[in-house]
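One structure below.
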Amino acid sequence: MSDRELSKTYEPGVVEDAWYGEWEQKRYFHAPSDAGGRAYSIVIPPPNVTGSLHMGHALNATLQDILVRWRRMSGDSALWLPGTDHAGIATQNVVERQLAAEKVDRHALGRETFIGKVWEWKKEYGGRIIGQLKKLGASCDWERERFTMDEGLSQAVREVFVRLYEEGLIYRGERLINWCPRCHTALSDIEVEHEDEKGKLYHIAYPLSDDGNIRLTVATTRPETMLGDTAVAVHPLDPRYKDLIGRTVALPLTSRRIPIVGDAVLVDLEFGTGAVKVTPAHDFNDYEAGLRQTPNLPRVRILDDKADILPDIPDVPAGVLKMLAGKPAKKARGIVVQLLQEQGFLVTTEDHGHAVGKCYRCKSVVEPYLSPQWFVSMQPLAAPAIEAVEKGRITFVPKGWENTYFDWLRNIKDWCISRQIWWGHRIPAWYCDDCGAITVSREDVGSCSSCKSAKVRQETDVLDTWFSSALWPFSTLGWPAKTRELASYYPTAVLVTGFDIIFFWVARMIMMGLHFMKEAPFRHVYIHALVRDAEGQKMSKSKGNVIDPLTMIEQYGADAFRLTLTAMAAQGRDIKLAPERIEGYRNFANKLWNASRFVFMNLDDEFTPNAGLLTGDSSLADRWILSRLQAAVTETHNAIADYRFNDAASSLYHFIWHEYCDWYLELSKPSLNQEKGSPARKAAQTALVTTLEATLRLLHPIMPFITEEIWQKIPQGVRGAGKGTAAASIMIAAYPQADESLRNAGAEQDMQMVMDVISAIRNIRGEMNIPPSSQIAAIIKVEDGELGRHLEKNAGYVRTLARLAELRIGQKEAKPQGAAAGVIKGAEVYVPLEGVLDLGQERDRLGRELERIEKDIALFAKKLGNRDFVERAPRAVVEKDTAKLEELKAKREKLEQNLKMLG
RNA sequence: GGGCGGAUAGCUCAGCUGGGAGAGCGCAGCCCUUACAAGGCUGAUGUCACAGGUUCGAUCCCUGUUCCGCCCACCA
């Protein structure tokens with residue numbers, strides 16, 4: 001048994017783990033610190049430590065791996081830098097839930113202990129997604145794996161925070177922010193997801209006169225917040241109300257009187273009653289209106305940080321408070337509505353749909369909440385980020401996403417970066433109990449920078465997770481230190497990610513990269529498809545609607561799974577994945593496997609490749625497949641370079657299955673059947689194995705495992721042929737480059753003729769239901785002698801592939817009685833079917849063929865009869881169409897003759 | 001309220017810069033032909049959503065319509 005022998009079917013499971021281990025052990029994934037001017041780098045979008053691999057990750061990682069393997073094989077120092085994100089809120093939630101199961105509250109543990117628990121959790125479960133990426137075959141440089149909370153990155157975070165603070169771009173202030181009462185923290189604007197919900201619009205009467213008879217009716221969806229009203233707004237031009245501006249109304253349920261103000265921005269004449277309650281502490285619009293209209297009035301806050309009603313709202317009588325204090329806002333609504341109704345203030349209610357903001361981590365309804373927070377001034381950072389894309393220093397693929405990017409950055413608001421949780425980068429600011437000054441520092445401080453008092457307390461808030469993510473492209477390379485890695489690999493080549501984090505991550509990385517590195521962090525942003533679930537919903541870590549790609553890998557193999565994703569990665573379209581599709585690509589893997597078996601079976605033990613690929617002994621088929629290979633090389637290379645991954649996949653799929661397997665393997669058989677050592681056999685063996693070898697390298701970035709497994713069985717002398725380097729692994733072998741000297745248009749044309757003849761005979765066989773086992777003869781009548789000689793020379797192919805017992809070729813051949821006929825360019829093909837032929841069936845077949853041709857002729861004739869077309873269309877197009885029409889007409893004539901002969 | 005994307009074979013989807021409609025699965029027929037039945041060969045199937053327009057010519061460009069999906073937005 002030769003060591004080149006392969007098992008009958010491809011078994012991915014065994015092969016994959018073995019090769020991955022081998023690659024890793026040999027350090028093939030490792031990129032040198034100094035790239036020597038040939039750097040190609042990609043930083044992975046760090047998955048959450050809490051995450052497990054879902055379809056989005058799988059697609060994302062597959063595409064990056066293709067790029068990195070491709071560049072690595074092409075000779076670059078290719079670095080794919082991996083890592084994970086500490087995912088502040090998400091991770092804290094996971095650990096809290098785990099503790100809750102043990103009936104433990106984090107507050108009972110205390111901050112330090114709790115954080116210790118989270119680190120423990122990370123140590124135990126945080127590596128899961130890394131293992132899954134390995135299963136997929138990701139060729140990340142694991143020696144450089146980073147974590148957003150590790151030592152180096154934490155230092156980068158501090159450096160950035162301090163510098164931005166010193167530059168005045170980070171500030172602290174009391175603002176209305178989005179508050180998640182469940183996660184118990186502030187959120188940034190983009191961390192709030194708006195969902196449409198059915199609600200009610202409550203019309204409430206606010207008494208205008210002391211006797212309560214004259215009333216102003218406001219409409220609101222959130223009646224419970226009325227306790228915090230500080231004004232009622234009407235439109236300044238509203239004839240109904242404009243005279244009331246400046247007067248006051250009594251706020252029902254309270255002892256407060258609030259002013260009526262005119263505000264054209266806040267009030268829409270058409271909506272509701274035209275009068276709006278103003279609650280600055282609990283509504284973003286009202287907050288703005290409050291600043292405009294009543295800057296001196298206190299903003300009445302009625303909710304605490306759990307969104308429960310406060311026990312001490314100004315001007316609210318004890319009786320009312322008793323009912324409401326401590327109640328969650330949602331419950332309070334019912335109580336307030338009931339009170340209003342009982343006291344005759346509720347005028348009416350109507351159904352009303354409106355958008356409700358929800359926490360992107362836990363889906364709780366978010367509460368606008370007035371509190372002191374830390375912010376980043378965005379406009380100074382956004383301007384250069386806009387310019388970088390406008391000027392083309394960064395390009396989005398597909399380009400359409402640039403508009404989304406611009407829209408957001410041009411309307412950007414300051415970024416609330418403080419979070420009231422424990423897991424994350426604690427803000428490096430210290431408050432002085434004595435003088436109240438804030439000290440912001442790279443090092444932990446023990447005394448106030450202003451009054452030197454030792455009574456300083458560090459800020460308890462931590463930073464938004466996305467703050468550290470924004471630094472990822474340079475923090476992972478060692479910044480703020482000036483490392484060789486940073487010099488070699490920054491900026492990175494491309495960022496591969498989904499559109500859902502363009503705001504969260506991509507835009508912020510660009511801003512931070514430009515600000516701190518003075519250079520954009522990447523040249524291209526490739527936005528790939530989003531893998532949605534069955535309902536078209538986006539899959540997300542917190543929604544829990546993820547499908548585990550590992551099942552697919554187990555079932556079909558990582559290579560088949562990767563090829564599926566690649567083939568479906570057409571630009572600008574979402575993916576809905578059907579398992580049958582993976583099955584199809586699994587079959588492809590098996591096809592490749594068996595083709596390789598065939599090749600190895602037909603290599604002699606002492607086989608050595610011919611020195612040159614093309615010798616005088618090469619057959620037409622040999623020249624043809626080598627020529628086609630060059631086309632496949634060019635197409636694949638161009639497709640990957642343009643991020644047209646699906647085109648690369650289909651080009652390879654087509655070449656391997658339909659050209660190499662379906663045609664060339666069959667065509668090589670006549671040569672292989674010659675005796676050992678014969679020149680024709682040697683030439684065919686060379687073409688077979690050379691093409692296979694190059695194809696494996698070409699395919700390797702997409703299907704790394706199977707290509708390595710097969711490649712290792714290829715004779716040493718063939719591996720990396722033309723490069724002179726016999727690599728130990730396909731991973732580090734050279735990526736194929738098109739060899740123009742092997743391009744051969746003549747061979748392609750000649751082969752096409754042979755294939756046409758074979759197809760014509762097969763067609764007759766198929767249509768006439770002639771079993772492949774029954775021996776038939778074929779007669780080919782050619783139009784000119786040269787064609788005849790060409791076919792005669794290649795008759796072996798026709799005999800074998802069409803399974804003929806006899807083949808006659810000549811200009812003078814005629815159609816025998818009772819033969820089926822086929823017409824191709826320049827020749828007629830007859831298959832005598834004495835005794836077998838069903839004349840009626842044959843007539844039908846020819847009739848159908850004729851009908852098709854008539855249709856085509858009509859189309860072309862119409863087109864070419866159009867003078868405008870002939871005069872204005874490019875000459876090549878006209879010539880091509882004219883030739884085609886002539887050919888069709890000739891075919892028609894012959895078909896008609898053949899039909900006539902049938903009677 | 002703005003913006004984006006989609007509508008192509010029974011299903012899932014390709015069709016790059018306008019020039020005779022494709023793949024996979026499925027379906028029908030014939031085949032276990034010593035690489036592969038996870039296979040081979042052959043075949044059938046499309047008013048390229050609808051209506052206009054530009055053009056010699058439109059699945060492709062423009063306008064509008066309908067139906068899906070998504071993103072953004074402070075309408076109580």
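If you're wondering where the values come from, they're calculated on a predicted model, not measured in any experiment. The basis for the numbers below is simple: all heavy atoms, side chains too, and nothing from hydrogens, waters or symmetry mates.
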(request) Tell me whether the OP1 or OP2 atom of C36(B) has a side-chain N or O from Lys8(A) closer than 4.0 Å. (result) yes

(message) Side chain of Arg597(A), heavy atoms from C-beta onward: which of C71(B), A35(B), A76(B) has the nearest atom to it?
(response) A35(B)

(message) Any carboxylate oxygen within less than 4.0 angstrom of a Lys/Arg side-chain nitrogen, looking at Arg845(A) and Glu767(A)?
(response) no

(request) Would you sort out whether Arg292(A) and Asp263(A) count as a salt bridge (Lys or Arg N to Asp or Glu O under 4.0 Å), showing the intermediate values? (result) CA-CA 9 Å; Arg292(A) 280 193 302 272; Asp263(A) 196 300; 3.0 Å; yes

(request) Between G19(B), A35(B), A76(B), spot the one nearest the side chain of Val276(A), thanks. (result) A76(B)

(request) State, without any angle test, whether Glu191(A) and Asn178(A) hold a side-chain donor-acceptor pair at a distance under 3.5 Å. (result) no

(request) To the nearest Å, give me how far apart CD1 (Ile582(A)) and P (A38(B)) are. (result) 18 Å

(request) In whole angstrom, give the distance that lies between atom CZ of Phe588(A) and atom P of G39(B). (result) 12 Å

(message) If I pick the C1' atom on U54(B) and the same atom on U42(B), what distance separates them, to the nearest angstrom?
(response) 43 Å

(request) List the atom of Glu224(A), the atom of Val336(A), and the distance in Å for their closest heavy-atom pair. (result) CA-CG2, 4.0 Å

(request) Tell whether Asn769(A) reaches the base of G29(B) with its side chain through a donor-acceptor pair below 3.5 angstrom. (result) no

(message) Is the phosphate of A73(B) approached by His354(A) (side-chain N or O, under 4.0 Å from OP1 or OP2)?
(response) no

(message) Rounding to an integer number of Å, can you tell me how far Asn590(A) CG sits from A38(B) P?
(response) 9 Å

(request) Check whether any side-chain N or O of Asn587(A) sits under 4.0 Å from OP1 or OP2 of G39(B), and answer yes or no. (result) yes

(request) Go ahead and name the base partner of U33(B); Watson-Crick or wobble counts if both distances stay under 3.5 Å, otherwise write none. (result) none

(message) Centre-to-centre under 6.0 Å for Trp593(A) and Tyr10(A), is that the case here?
(response) yes

(request) Tell whether Glu270(A) reaches the base of A76(B) with its side chain through a donor-acceptor pair below 3.5 angstrom. (result) no

(request) Grab the CG-C1' distance between Asp868(A) and G57(B) for me, whole Å please. (result) 10 Å

(message) Any carboxylate oxygen within less than 4.0 angstrom of a Lys/Arg side-chain nitrogen, looking at Glu851(A) and Arg848(A)?
(response) no

Every protein N/O lying under 3.5 Å from an N/O of nucleotides 7-13 of chain B:
unit_1 : atom_1 : unit_2    : atom_2 : d
U12(B) : O2     : Arg581(A) : NH1    : 2.8

(message) Please confirm whether the shortest side-chain N or O distance from Arg852(A) to OP1 or OP2 of A44(B) is below 4.0 Å.
(response) yes

(request) Look at Asp881(A) together with Lys863(A) and state whether they make a salt bridge at an N to O cut-off of under 4.0 Å. (result) yes

(request) Could you tell me the separation between the CG atom of Asp407(A) and the P atom of G2(B), rounded to a whole number of Å? (result) 14 Å

(message) Does a side-chain N or O of Asn763(A) approach OP1 or OP2 of G43(B) to a distance below 4.0 Å, or not?
(response) yes

(message) Please classify the nucleic acid contact of Trp663(A) as base, sugar-phosphate, or nothing, using heavy-atom distances under 4.0 Å.
(response) nothing

(message) Over all strands shown, is Lys862(A) touching base, sugar-phosphate only, or nothing at heavy-atom distances under 4.0 angstrom?
(response) nothing

(request) Look through every strand shown and name the nucleotide pairing with C27(B) as Watson-Crick or G-U wobble, where both distances are under 3.5 Å. (result) G43(B)

(request) Pick base, sugar-phosphate or nothing for Leu201(A), based on heavy-atom distances below 4.0 Å to the nucleic acid. (result) nothing

(message) Looking at Trp657(A), I'd like to know whether one of its side-chain N or O atoms comes within less than 4.0 Å of OP1 or OP2 on G40(B).
(response) yes

(request) Could you measure between the two P atoms, the one in C67(B) and the one in G10(B), and give it in whole Å? (result) 24 Å

(message) Strictly by Watson-Crick or wobble contacts shorter than 3.5 Å, is anything paired with A51(B), and which nucleotide is it?
(response) U63(B)

(request) Indicate the atoms forming the closest heavy-atom contact of Gly56(A) with His528(A), along with that distance. (result) O-CE1, 4.3 Å

(request) For C50(B) versus A7(B), give the span between their C1' atoms, rounded off to a whole number of Å. (result) 11 Å

(message) Go nucleotide by nucleotide along RNA chain B from the 5' end; which of Thr9(A) and Arg762(A) gets its closest nucleotide reached first?
(response) Thr9(A)

(message) Regarding Phe284(A), tell me which of base, sugar-phosphate or nothing describes its non-hydrogen contacts under 4.0 Å with the strands shown.
(response) nothing

(message) Given A14(B), A76(B), A38(B), identify the nucleotide with an atom nearest to the side chain of Asn646(A).
(response) A14(B)

(message) Using whole Å, what does the distance between atom P of nucleotide C71(B) and atom CD of Glu191(A) come to?
(response) 16 Å

(request) Compare the minimum distances between each of A76(B), G24(B), A35(B) and the side chain of Asp283(A), then state the nucleotide with the smallest one. (result) A76(B)

(request) With heavy atoms under 4.0 Å as the rule, sort Ile764(A) into base, sugar-phosphate or nothing. (result) nothing

(message) Base, sugar-phosphate or nothing for Lys884(A)? Non-hydrogen atoms, less than 4.0 Å.
(response) base

(request) Please determine, for C70(B), whether a Watson-Crick or G-U wobble partner exists with both distances under 3.5 Å, and give it or none. (result) G3(B)

(message) What is the distance, to the nearest angstrom, from the OH atom on Tyr585(A) to the P atom on A14(B)?
(response) 11 Å

(request) Respond yes when some side-chain nitrogen or oxygen of Lys863(A) is under 4.0 Å from OP1 or OP2 of G19(B), and no when none is. (result) no

(request) Verify, without hydrogens or angle tests, whether Glu887(A) (side chain) and Lys825(A) (backbone) share a donor-acceptor contact under 3.5 angstrom. (result) no

(message) Any base atoms under 4.0 Å from His352(A), or only sugar-phosphate, or nothing? Heavy atoms, all strands.
(response) sugar-phosphate

(request) Compare side-chain N and O positions of Lys669(A) against OP1 and OP2 of U33(B) and report whether any pair is under 4.0 Å apart. (result) no

(request) Would you indicate what Asp268(A) reaches in the nucleic acid, counting non-hydrogen atoms under 4.0 angstrom: base, sugar-phosphate, or nothing? (result) base

(request) Whole angstrom is fine here: how far is it from CD in Gln841(A) over to C1' in A28(B)? (result) 14 Å

